[in-house]
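The chains referred to below are lettered A, B, ... by the order of the sequence lines, with proteins before strands, and numbering in each begins at 1. Note that these values count all heavy atoms, side chains included, but never hydrogens, waters or copies made by symmetry.
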Amino acid sequence: MEYNFKEIETKWQKHWDETSLYQAPDKADPKNKFYMLVMFAYPSGDIHMGHFRNYIIGDAIARQQMMLGKDVLHPFGWDAFGLPAERAAIQRDIHPSDWTEKNIKISRETLQKVGISFDWSREIASCFPDYYKWTQWMFIQLYKKGLAYRKRGFVNWCPEDKTVLANEQVKDGKCERCGTEVVKKDQNQWYFKITDYADRLVDDLDTLPEWPENVKTMQREWIGRSYGAEINFKIDGSDESIAIYTTRPDTIFGVTFMAIAPEAEILDSLNIEGDFKPKVEEYKKKAMTRSDIERSSATDEKDGVFTGKYAINPYNGEKVELWVADYVLAGYGTGVVMAVPAHDTRDFAFAKKYGIDIKVVIHPDKDTVLDSNEMDDAYTDYGVMVNSGQFNGLVGKKAIKAVIDFAEKEKFGCHKVNFKLKDWSISRQRYWGCPIPIVHCKDCGTVPIPEEKLPVELPKVKDFKPKGRSPLADVPEYINTLCPKCGGEAELDSDTMDTFVCSSWYFLRYIDSKNDSVPFMKEKVAQYMPVDLYVGGITHATGHLIYFRFFQKFLKDIGWVNDSEPAKRLFNHGMVCDSNGDVMSKSKGNVTSPIGLMEERGVDVSRLAMFFTAPSDKEVLWSSDSVTGVEKFTVNKLFPMHEKLRNSKPDLKCYFKRDNLDEFEYSLYIKLNQVIKQVSDSFERLQFNTAISGLMELVRDYDSDKITNDQFNDFLILKTFQMSAPLMPHLAEEVWKFAGFENSIFKSNWPVCDESAIVKDTVVIGVQINGKLRDEIEIPMDCNQKTAEAIAFKSEKVKSYTEGKDIVKIIFVKGRIFNIVVKG
RNA sequence: GCGAGAGUGGUGAAAUUGGUAUACACGCUAGAUUUAGGAUCUAGUGCCGCAAGGCGUGGGGGUUCAAGUCCCCCCUUUCGUACCA
């Protein structure tokens, strides 16, 4: 039989589809299930090498888990709302929904050609009403719990895309999608109160040992929890006070000024007078027109203006100047900073520029004294408190606690935890997204659409070009409605949701994707959740992967799911780059499609080439050179092995005993079991490259002519194809059928290593003299040092190195090394 | 700046706990076969050296009988973050 991959591949794809091989059981055993999840795709066109790599990783694991007898759920769907659909639609004058559906169709067909074991019966697309109905339902549940709220404030605005962006969508002060510099805009927006979950989002990272450490670190830093104090300073000549947040209360006696963010509301209540007023106003205006990228640069020279007002330090009664400075962020803490030039780099630079006092209140230790006149930078480490009244001599954390405790006792401050994480802004002034199910009524305010009236359907309008306000605002038949509460005239919210909302709960919908009355049945979700392995790119570390954990926690709180965390194990595959090392992306125009390769060399060989090139977590510079070796292996070595089958119908569950095999056969049996162990382990670590090298060695060592035991011959061949099956499913299935099996190879049992075979009787170990390898000896596996010595010293080489020298020491590690330490 | 990874032949890469560095491939060299081949097979292939031998996992130190693996300093590079008080 010739290796006709085209025939083999189309035949089995059709057969698997017809027999619903990948359909996950509706009733699964929660103790014996495996939920294999890959990040669903944005249908931006056809799939490329990056997708290809992502999905074959998940596919190999899903197939192996099937063979391990698990109830496997391996679904797929489409993250189908979003900006690119609109952009492409405008360029091509075609409706986003038509464009999206067309792309879904093409992408789905390609994925089917790749032979991915997706359960297509559960397919979802976030832009279809039967899905986004439940996205709206999610919104309403959050709203009911006070976790979805509307607020006016400064938001990130992309002038190119003409929409609001979440913090997670701004990179280096630029729009993540189009690279345009983001500006600030005052706007009414919906937010999800993710900050209520900030503590749990940080703490529960410790319950995820199978998540990569770098992702957990990135999330911790993004959430940015810090412990400190909030302290109130009285404003001089007024009853009002001004609150600051600090993590360094031990430096509070060194405060010589305060810096207020230009946007901070407290500025308005200061009653700035005289000459100061226009100067402050002018500075505020200037700060607002500067872009975030300018303002947030750490190298930017700090500037500000004095307000003419003072505050009183509650610890020592000193008057400190109040300044406005745009290095202070309005959105963090209270938007006001107590400035301690001696112990903060930024405050130091500012004080130097404006000639403000620098007062040392921390010494590095008892014997080192700082002099503010000689300092050329701030001393920012912990140390001993000095010039700090009753607190003098206290150090570090103890000092901090004492200072805050005093504030609490005197009722002008308290312990405080702060986060960098901000509430999630989810309104988008765009057409192609999930409509926000809220009505604005003059009398009742914001009123949610009753759940039984969902979905609020997105109307199919012709004009969806961005104008700076939502295109839906210009569709009166959509906007004008009646208030569900009072029945009076009202308006629907004209914004749509950030697509990250759609992707925050899709993994739950797969489990019960057709359900019309609830988002999913709790009982069904309990059977398959949590996700056992989630495979996707690192790019989602601080976006999607925080949002979907947030949703899971919220749904647990309202009783819809049982687990606090959605995914037990996370795996980030490496990027696929072109031969220059640039990441393949549509915008760069350097994407390679796997289709050409698959048509030329076959799907199985293409998959094998990608697996073999590098371990799954490493970046890959794709070139078709990678294919040569695995193609030779497949076509010339592995596939022809099936011709050596002797139709002996071996029992695949049995182990062979040494007595039943001759010497060559037994050595091959040992190799087989070593490879079974190696391949199983490689799958566990998702390092398929080493699994393949193991298979290559096994096939190389196999020699039909030297095998007389027919059952062993067939046993070895069949085990080889079983191990190859998750990597090259079509070829393996073909051989399985050829060998006479009725059921799919994926219904057979994954090979189990015969441990007794890989315990060897003798072992070849290295003999070192002073740590340098000089010879090798073969010794019994569990021999003692004496025996090993006897054998080692027979070696001529060992003799030549030890003669006439003192043997200081002999180190013998069983099965590993024999080392002689000599002197002289 | 800060944080986390990474650095091994000409190339992609192996080396579960410190224990024979370079498995498995690509490429290259030589030979065989073929009308011919970018096909196939065989042998060789870390570096220096005729050899014995020496040197070798970014560089420099250290711990150890033994270091790619552990510790310290430095260099290069990728990713994340960017005035978070």
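When only modelled atom types and interatomic distance are considered, Y702(A) and T720(A) share no side-chain donor-acceptor pair under 3.5 Å. Side-chain contact annotation: T195(A) with D423(A), donor-acceptor N/O pair under 3.5 Å present. Looking at T787(A) and N784(A), their side chains do bring a donor and an acceptor atom within 3.5 Å of each other.
Side chain of T246(A), nearest nucleotide from A15(B), A85(B), A23(B): A85(B). The side chain of K637(A) lies closest to C41(B), out of A15(B), C41(B), C65(B). Side-chain proximity of K632(A) to the nucleotides A23(B), U40(B), U20(B) is greatest for U40(B). Here the side chain of Y801(A) is nearest to one of G53(B), A82(B), G19(B), namely G53(B). For R700(A), the listed nucleotide lying nearest its side chain is C24(B); candidates were C24(B), C41(B), C26(B). The nucleotide whose nearest atom lies closest to any side-chain atom of K302(A) is, among C84(B), C24(B), C83(B), C83(B). Looking at the side chain of R816(A), the nearest of the listed nucleotides U17(B), U81(B), G27(B) is U17(B). Between C65(B), A85(B), A15(B), one nucleotide has an atom nearer to the side chain of K809(A) than all others, and that is C65(B). Here the nucleotide nearest the side chain of S693(A), chosen from A23(B), A85(B), G19(B), is A23(B). Side chain of T247(A), nearest nucleotide from A85(B), C84(B), C24(B): A85(B).
In this structure, E776(A) reaches the bases: a heavy-atom distance under 4.0 Å links it to at least one base atom across the strands shown. Residue V813(A) is classed as a base contact, given a heavy-atom separation below 4.0 Å to a base. Residue contacts shown for V630(A) are absent, as no nucleic acid heavy atom lies under 4.0 Å away. In this structure, D344(A) reaches neither bases nor backbone, as no heavy-atom distance under 4.0 Å exists between it and the strands shown. Within 4.0 Å of S623(A), counting heavy atoms only, lies no atom of the nucleic acid at all. Among the heavy atoms of the strands, none lies under 4.0 Å from V336(A).
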(request) Going 5' to 3' through nucleotides 4-13 of chain B, assign each nucleotide B (protein heavy atom under 4.0 Å from a base atom), S (under 4.0 Å only from sugar-phosphate atoms) or - (no protein heavy atom that close). (result) S-------BS
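G10(B) shows a glycosidic angle more than 90° from 0 and is accordingly assigned anti.
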(request) Under 3.5 Å for both distances, Watson-Crick or G-U wobble, that's the pair rule; now give the dot-bracket for RNA chain B, with | marking pairs to another strand and [ ] for crossing ones. (result) (((((((..(((......[....)))((((((.......))))))(((....)))..(((((..]....))))))))))))....
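Taking atom CD1 of residue I779(A) and atom C1' of nucleotide U20(B), one finds them 13 Å apart after rounding to whole Å. Atom pair I769(A):CD1 and G54(B):P shows a separation of 12 Å (rounding to whole Å applied). Atoms CZ (F611(A)) and P (A25(B)) sit 19 Å apart, rounded to a whole Å. Atom CG of D681(A) and atom P of A23(B) are 20 Å apart (whole Å). Regarding I765(A), its CD1 atom lies at a distance of 13 Å from the P atom of A21(B), rounded to whole Å. For the pair N572(A) CG and C79(B) P, the computed distance is 15 Å after rounding to whole Å. In this structure, the CG atom of D701(A) is 12 Å from the C1' atom of C24(B), given to the nearest Å. In this entry the distance linking CD of E221(A) with P of G3(B) reads 9 Å, nearest Å.
Outside the 6.0 Å centre-distance limit, the rings of F688(A) and F612(A) are not counted as a close aromatic pair. Centroid-to-centroid, the aromatic rings of Y379(A) and F348(A) stay 6.0 Å apart or farther.
The residue among I820(A) and Y332(A) whose nearest nucleotide of RNA chain B is located toward the 5' end is I820(A). Of the residues near RNA chain B, G815(A) and I692(A), the one whose nearest nucleotide (by heavy atom distance) lies more toward the 5' end is G815(A).
The only option from R607(A), R601(A), K637(A) that meets the salt bridge (charged side-chain N to carboxylate O under 4.0 Å, His left out) definition with E631(A) turns out to be R601(A). Between Y547(A) and the choices Y197(A), W424(A), W222(A), the ring-ring contact (aromatic ring centres under 6.0 Å, His included) rule is met once, by W424(A). Just one residue in the list Y327(A), Y354(A), Y283(A) forms a side chain to side chain donor-acceptor pair (under 3.5 Å) with D303(A), and that residue is Y283(A).
Around atom NZ of K353(A), more than 12 heavy atoms belonging to other residues, nucleotides or ligands sit under 6.0 Å away.
A donor-acceptor pair is defined here as one N or O able to donate and one able to accept, closer than 3.5 Å; such a pair exists between the side chain of Q219(A) and the backbone of A541(A). Looking at E778(A), its side chain never comes within 3.5 Å of a backbone N or O of T762(A) through a donor-acceptor pair.
Counting heavy atoms from C-beta on, the side chains of N770(A) and K772(A) never come closer than 4.5 Å.
The base of U20(B) is not paired with the side chain of R774(A) by any donor and acceptor separated by under 3.5 Å.
For R685(A) and A15(B), the shortest distance from a side-chain N or O to OP1 or OP2 is below 4.0 Å. Side-chain nitrogen and oxygen atoms of N636(A) include at least one within less than 4.0 Å of the OP1 or OP2 phosphate oxygen of U40(B). Look at K772(A) and you won't find any side-chain N or O under 4.0 angstrom from OP1 or OP2 of G54(B).
With both ends at atom P, the span from G27(B) to G38(B) equals 12 Å, rounded to whole Å. Atom name P, nucleotides A67(B) and G60(B): the rounded distance is 15 Å, in whole Å.
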